[in-house]
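In what follows, chains are A, B, ... by sequence order, proteins preceding strands, each numbered from 1.
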2 protein chains.
Amino acid sequence: MTESSQEPGRQEPHELAISEQVAVYQREFPNVDPQVETIVSTLSRLARRMTVAYGRHLNDLGISSADWEVLKALIVAGAPYRLGPGELAKRIGLTPAAMTHRVDRMATAGLVTRSRDESNRVRVNIELTELGREKWLESMRMAAVFEESLLQDAGPEERSELAGALDRMLHRVEDSQPDAQGRTEDLGGDTDGH
Amino acid sequence: MTESSQEPGRQEPHELAISEQVAVYQREFPNVDPQVETIVSTLSRLARRMTVAYGRHLNDLGISSADWEVLKALIVAGAPYRLGPGELAKRIGLTPAAMTHRVDRMATAGLVTRSRDESNRVRVNIELTELGREKWLESMRMAAVFEESLLQDAGPEERSELAGALDRMLHRVEDSQPDAQGRTEDLGGDTDGH
DNA sequence: CCGAAAGACTACACTACTAAAGTCTTCAGA
DNA sequence: TCTGAAGACTTTAGTAGTGTAGTCTTTCGG
């Protein structure tokens with residue numbers, strides 16, 4: 001069920017409308033609750049469409065979603081937008097080895113710089129460049145336009161209801177999943193995470 | 001964005017609470033609308049958590065999300081749950097070559113059978129085995145329990161409002177994205193797609 | 001009966017990741 | 001100051017899944 005950001009050659013699949021898909025599920029698995037299934041399917045598909053849209057935005061900017069993940073972690077860290085590879089890896093959920101390669105690519109692309117820490121030469125600092133910061137800001141501008149369009153026909157009450165309902169669902173998941181070991185100062189995320 | 005199914009060693013990242021993340025975005029990109037950003041971030045994170053939960057269910061069943069995608073396509077096709085590799089590839093959005101490998105793995109695992117079509121021996125039929133069908137049904141059982149728990153504190157009105165709001169958002173995306181070339185009889189989808 | 005087209009498979013290369021080994025730096029203790 | 005242990009990053013090797021291109025077999029029109 002994950003799917004994340006592999007746009008290279010993967011072409012658009014053919015999809016049933018949500019109502020048709022729910023009908024199939026009812027046909028093949030009678031126990032299903034149509035309304036629950038509709039909500040969940042719509043939510044999943046919406047998230048997927050958003051992922052595709054973000055991916056397109058990033059593609060226009062010439063960066064990958066993996067790159068964006070790193071930019072975001074640095075932005076979240078705040079000025080001076082600087083972290084070590086190990087810390088970045090931890091926040092994003094990668095091994096340090098994988099982060100070395102990501103940073104290689106990103107440094108070549110001019111999105112970040114890599115330099116030895118002056119006070120402790122074991123440490124390496126990955127720092128956002130002006131270009132990297134601008135790419136992130138531009139991605140946010142595109143996202144903001146897109147996201148506002150998503151909610152353009154929802155009034156204030158509908159927006160708060162939606163926010164509340166989604167928040168309650170999220171809490172339900174997190175209560176039932178003891179994954180994120182209760183740390184509150186966490187970070188990172190996936191390609192989206194917008 | 002499309003994240004699909006990388007459970008092997010990828011460890012849990014550290015994440016900010018939604019409200020903290022929105023605060024960071026406001027700090028670094030003042031134009032952001034906090035409410036819109038909250039809704040979108042919650043939605044994205046919820047989808048990600050669902051993906052993780054489904055991945056865990058599938059892991060318990062001993063199948064990958066790539067496998068599940070194929071099982072679903074065959075189920076959607078309906079009895080006798082049989083399609084050719086090329087057709088499967090088209091519905092899922094893969095090249096036929098990639099599908100050959102997937103089917104290899106799945107046939108070895110006993111989830112599907114591969115056989116030459118009797119009337120046209122160029123064609124190959126991939127057919128769901130009883131085991132494959134049971135795995136899919138079991139995945140649906142687990143998903144149903146999980147999904148019901150997500151909505152367990154939502155009453156009938158809240159559920160319809162949620163369904164309506166999400167549906168409107170999805171339509172907004174699809175209207176603005178001329179991806180799925182208007183075909184109504186489409187299929188497939190991603191790892192989730194529940 | 002021949003040649004073109006279609007469907008599936010094979011061979012090869014690529015990307016991105018994990019795990020484990022290796023290198024260099026720092027620091028505590030004698 | 002030397003020495004050894006611990007830490008931080010990189011390197012190497014191996015894996016999984018995919019795409020591209022080419023091959024083989026069957027089908028079908030002429």
Original post:
Mapping A:S64 and A:D117 to their closest nucleotides on DNA chain C, which lands nearer the 5' end?
Top reply: A:S64
Could you give the [atom1]-to-[atom2] distance, from [X] to [N], as a whole number of Å?
{"X": "A:I92", "N": "C:dT18", "atom1": "CD1", "atom2": "P", "result": "11 Å"}
{"X": "B:E69", "N": "D:dT18", "atom1": "CD", "atom2": "P", "result": "8 Å"}
{"X": "B:L94", "N": "D:dA16", "atom1": "CG", "atom2": "P", "result": "17 Å"}
{"X": "B:L88", "N": "D:dT18", "atom1": "CG", "atom2": "C1'", "result": "17 Å"}

Original post:
Quick one: is C:dT18 close enough that its OP1 or OP2 comes under 4.0 Å of any side-chain N or O from A:T95?
Top reply: yes
Original post:
Given D:dT18, is OP1 or OP2 found less than 4.0 Å from the side-chain N or O atoms of B:R102?
Top reply: yes
Partner residues of [X] under the side chain to side chain contact (heavy atoms under 4.5 Å, CB included) criterion, sequence neighbours left out:
{"X": "A:M99", "value": "A:V70, A:P85, A:L88, A:A89, A:I92, A:L94, A:R102, A:V103"}
{"X": "A:T129", "value": "A:T113, A:L131"}
{"X": "B:D104", "value": "B:T100, B:H101, B:R114"}

Original post:
What string of B, S and - do you get for nucleotides 7-14 of chain D 5' to 3' if you count protein non-hydrogen atoms under 4.0 Å?
Top reply: BSSBB---
**OP:** Take B:E20 and B:Y25, measure what side-chain hydrogen bond (donor to acceptor under 3.5 Å, both in side chains) needs, and give me the verdict at the end.
**Re:** CA-CA 9 Å; B:E20 293 169 323; B:Y25 285 166; over 6 Å; no
**OP:** Tell me, please, which residues at least two apart from A:R123 pass salt bridge (charged side-chain N to carboxylate O under 4.0 Å, His left out).
**Re:** none
Original post:
Listed by chain and number, what are the salt bridge (charged side-chain N to carboxylate O under 4.0 Å, His left out) partners of A:E127, not counting sequence neighbours?
Top reply: A:R82
Original post:
Of all the nucleotides listed (D:dG17, C:dA19, C:dT25), which has the minimum atom distance to the side chain of B:R105?
Top reply: D:dG17
